[in-house]
Amino acid sequence: MSLLTALRDTYSGFKSLLTGLRITAREASKPSITVQYPHETLKMPERFRGHVKLVLDPVTGKSRCTSCNLCVRACPSDCITVEGIKREGEKKKSVSEYTLDFTTCSLCGSCVEACPSDAIEYSKDYNVVSLHREDFSRMDLVKKLEAEAKVWAEKNPEAAAAAAAASAAAMAAAAAAPAKPAVAPAPASAATPTPTSTPAAAANPVAPVRSPEPKTT
Amino acid sequence: MSFLQIEPVRILLYLVGICAFVGANAAYLVLAERKGAGRIQRRPGPNEAGFGGILQPVADGIKLLAKQVMVPPGTDALLFRAAPLMVMAPPLMCLAMIPFSDSIVARHLNVGLLFVFSFGSINVMALMLGGWASRNKFAIISSARVVSQNVAYEIPMLLVVITLLMVTGTMDLNEIIHQQGGGIWHWNLFKVWVNPLMPVTFVIFFICMLAETNRAPFDMAEAESELVAGAFTEYGGMGFGVFFMAEYANIVVGCSLATVLFLGGWQSPIGVLSGGLWGAGWFLLKLYGLIFTVIWIRWTFPRTQFYSLLNLSWKILIPISLFTLLLTGAMMKLPVVYHQFF
Amino acid sequence: MNPIPFADYLVLALFALIVGTTIGGALIAALSTRIIRGVSGLMMCCVGLGGLYYFLNSPFLALMEILIYVGAVCVTIVFGVMLSEPDEPPHQESRRHAALWGGGALLVCLAIAFGVAHLGLSGPWTEPATRVNDGSVEAIGLALLTTYSLPFELISIVLLVAILGALVIARSGRTKE
């Protein structure tokens, strides 16, 4: 009796081993499902929360940020500093310096919620890596936006050209009409309108002036 | 008489050939193993070095060669250095006996089977000495496991081989192959009229071979999740590499022995085309078929517990192999007895 | 059989290697203070003995020597070593009259060696060391079951006693009394 049981156990055990082999053979015949990481990457899902970044407006090719400082106030860990300037021919202030201290950022997202003009969002960067601490403690988001804008301009040149033309027209209008509350470097910055629509924040070494706000509309 | 036919020169040439064969096999079986593991786990495996990873073994080899061979303080330095040599020598010796085809055999010996087993048994000793000389508790635990595992599995393996010897009546490996000529149904695996349990015998032999070579699911000796790397925990560089190569060389020996004993060696399965290079081709085909089965098994089954490992041997394999031994003897001798009395 | 240059020297060198392995192994086994090295020496010695048997035209015996003495006996000894104390015993003070005892042992050893050598050299060797039979399984089986059946059976009795002894020891260890 127990001999029979032992034999049956042995037989069923052996059969289960063969079943296992069949399963692995079947799996081996299917195509591989892994992503070859350095060569190909996964698209991050919509809700992925990377570090904060400035949104590139697909119409103007620039940031929508008006440097209203609401995000700075919303930030619980004081890791955002924003500087803005008033450009010729534009209604609102535009951002000239947006620095994120990523070493203290906790990715809470309060800044994104607080932003009235949807100018910041979570980036999809997940392999942020650097050899220098400063790259994280003083993360220059404007620079990142410029790089992004360059790529964007190369990808859809018509939109970029349209945006450049629009901004040039606005600047020309501004330069033509009221030159009374003259801000000193305004003509200089208008004189070199780069056609590739690079947001001329860091390209033109404009001192981050904040106090003189000439209301020209 | 050609220079190549002088016996010492011939043996020397064969030894060089065998070393090259073992080296290439060890290197590329590692790749095959990793690729196979990848396929089963639905990933491509190593594919960066060279075209599709074909140069990966070369890269690994260079890395291992470039590393310093450290002898940690407190070890038995002499034995520590000697163990890799001792672990590599037996499979090389054994392969000298394996007939790759009717004429391609390094040394023909009429007790070739015994030769393979006697030198195969030294392998245990080498692993154990390596583990002991390391003065590392993981290595010593692993050594103890290697010994009890090998002692336990040597018994059913030898019983199975004795069963087979009763059928063949010779220990000459080439003669055993000659007896299996003339088609797939003449292979010892399918000789069910001699012993209806012949396929079971083959399975037992294969399981024992896995256990003797410390392959998964019986790789208690290098259970990396509990024993770091088992007997070769303290080895680095090429010392480790040699242990690693020896494992694959042992697999090659074990699989070629299984091929010779049960699958007709260089005999073709259709009965024709088994001479010369064709024979070598058939032999390698069967050999690599078995090796891929070994790899397949490794990546299918999880590691067994040590007690269930010993239970499998002592409570299942040994009784069954004893039974097949008795059955074969009875089936061979009963007709003789019958004819004598009736 | 092939006309090889220096064939005799080659064979001689091989013989010297085998004898050297045997004697060297024996010396290591006898002189080493670490028990694991002693076992390794024993193993070397057994492999060398196997080589000697091979030289005497009996490959079967040679392989059996290796299979049994290296593959089984030495492994068992090492297994025993593993179950014993891992550390070497502390070096003991040499006993009094150690030199006297050693000299006596040496004398006895020399006497035995001389006697054996004398017997070996002067005794009648009827058969030159050629192959008696073809060494096949059949011949070995016939020899074991006809001419040498008594030693064969005696060996089986020895093994039976050993197994019984092992069982007794294992049993007594298992009961909790």
Side-chain angles (χ1 to χ4, degrees), chain A residues 1-51 122-132 135-136 144 147-148 151 154-155, chain B residues 32-49 52-53 156 197 199-207 210-211 215-218 289-290 292-305 308-309 311-324 327:
Chain A
M1 190 58 214
S2 80
L3 180 69
L4 264 183
T5 325
L7 278 180
R8 203 184 304 133
D9 282 356
T10 309
Y11 174 70
S12 67
F14 188 69
K15 223 173 67 179
S16 76
L17 293 185
L18 291 186
T19 313
L21 283 177
R22 208 182 61 222
I23 290 172
T24 44
R26 205 170 49 212
E27 289 299 316
S29 63
K30 292 179 187 167
S32 102
I33 49 172
T34 50
V35 177
Q36 296 307 299
Y37 167 60
H39 308 300
E40 46 184 276
T41 46
L42 283 178
K43 195 177 178 309
M44 281 292 112
E46 262 317 291
R47 297 195 170 193
F48 182 80
R49 286 191 174 200
H51 63 80
Y122 305 110
S123 75
K124 305 284 181 283
D125 282 358
Y126 54 89
N127 41 9
V128 273
V129 122
S130 172
L131 292 174
H132 308 288
D135 287 347
F136 292 131
K144 279 179 190 277
E148 202 180 323
V151 174
E154 275 165 20
K155 265 189 186 166
Chain B
E33 171 112 51
R34 292 171 65 185
K35 281 276 184 190
R39 284 309 317 156
I40 283 172
Q41 293 160 4
R42 300 189 61 184
R43 55 189 172 81
N47 58 354
E48 287 295 322
L197 291 180
V200 178
T201 316
F202 173 69
V203 170
I204 292 176
F205 183 87
F206 196 72
I207 292 173
L210 285 180
R215 280 292 293 191
F218 308 115
L290 280 183
F292 282 119
T293 314
V294 169
I295 292 173
W296 180 17
I297 283 174
R298 169 163 184 184
W299 297 102
T300 301
F301 303 132
R303 184 176 299 128
T304 52
Q305 255 185 327
S308 55
L309 171 90
N311 275 343
L312 176 68
S313 170
W314 293 102
K315 291 187 178 170
I316 297 178
L317 296 184
I318 291 181
I320 294 179
S321 53
L322 268 178
F323 179 70
T324 50
L327 188 72

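Order of the sequence lines sets the chain letters (A, B, ...), proteins ahead of strands, with each chain counted from 1. What's counted below: heavy atoms across the whole structure, side chains too, no hydrogens, waters or symmetry copies.
Atom CD1 of residue I320(B) and atom CG of residue L7(A) lie 6.5 Å apart, to the nearest 0.5 angstrom.
Neither the backbone nor the side chain of I23(A) comes within less than 4.5 Å of any heavy atom of chain B. The part of E48(B) that comes within reach of chain A is its side chain, from C-beta onward, which places non-hydrogen atoms under 4.5 angstrom from that chain. Using a 4.5 Å cut-off between heavy atoms, I297(B) contacts chain A through both its backbone and its side chain. Residue P38(A): no heavy atom, backbone or side chain, is found under 4.5 Å from chain B.
More than 12 heavy atoms of other residues, nucleotides or ligands sit less than 6.0 Å from atom NZ of K124(A). For E46(A), the CD atom sits in a loose shell: 12 or fewer heavy atoms of surrounding residues, nucleotides or ligands are nearer than 6.0 Å. Taking a 6.0 Å sphere around CZ of F14(A), one finds it holds 12 or fewer heavy atoms contributed by other residues, nucleotides or ligands. Within 6.0 Å of OH in Y126(A) there are more than 12 heavy atoms belonging to other residues, nucleotides or ligands. More than 12 heavy atoms of other residues, nucleotides or ligands lie within 6.0 Å of NZ in K30(A), so this atom counts as buried by the packing criterion.
I40(B) and E27(A) make their closest contact through O-CB, 3.7 Å (heavy atoms, listed as atom of the first residue, atom of the second, distance).
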Side chain to side chain contact (heavy atoms under 4.5 Å, CB included) between F301(B) and L17(A), intermediate numbers included
CA-CA 8 Å; F301(B) 303 132; L17(A) 293 185; 3.7 Å; yes

Take R39(B) and S29(A), measure what side chain to side chain contact (heavy atoms under 4.5 Å, CB included) needs, and give me the verdict at the end.
CA-CA 7 Å; R39(B) 284 309 317 156; S29(A) 63; over 6 Å; no

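Inspection of the W299(B) and T24(A) side chains reveals no N or O donor paired with an N or O acceptor under 3.5 Å.
Among G20(A), G13(A), P31(A), the residue with the largest count of heavy-atom pairs under 4.5 Å with chain B is P31(A).
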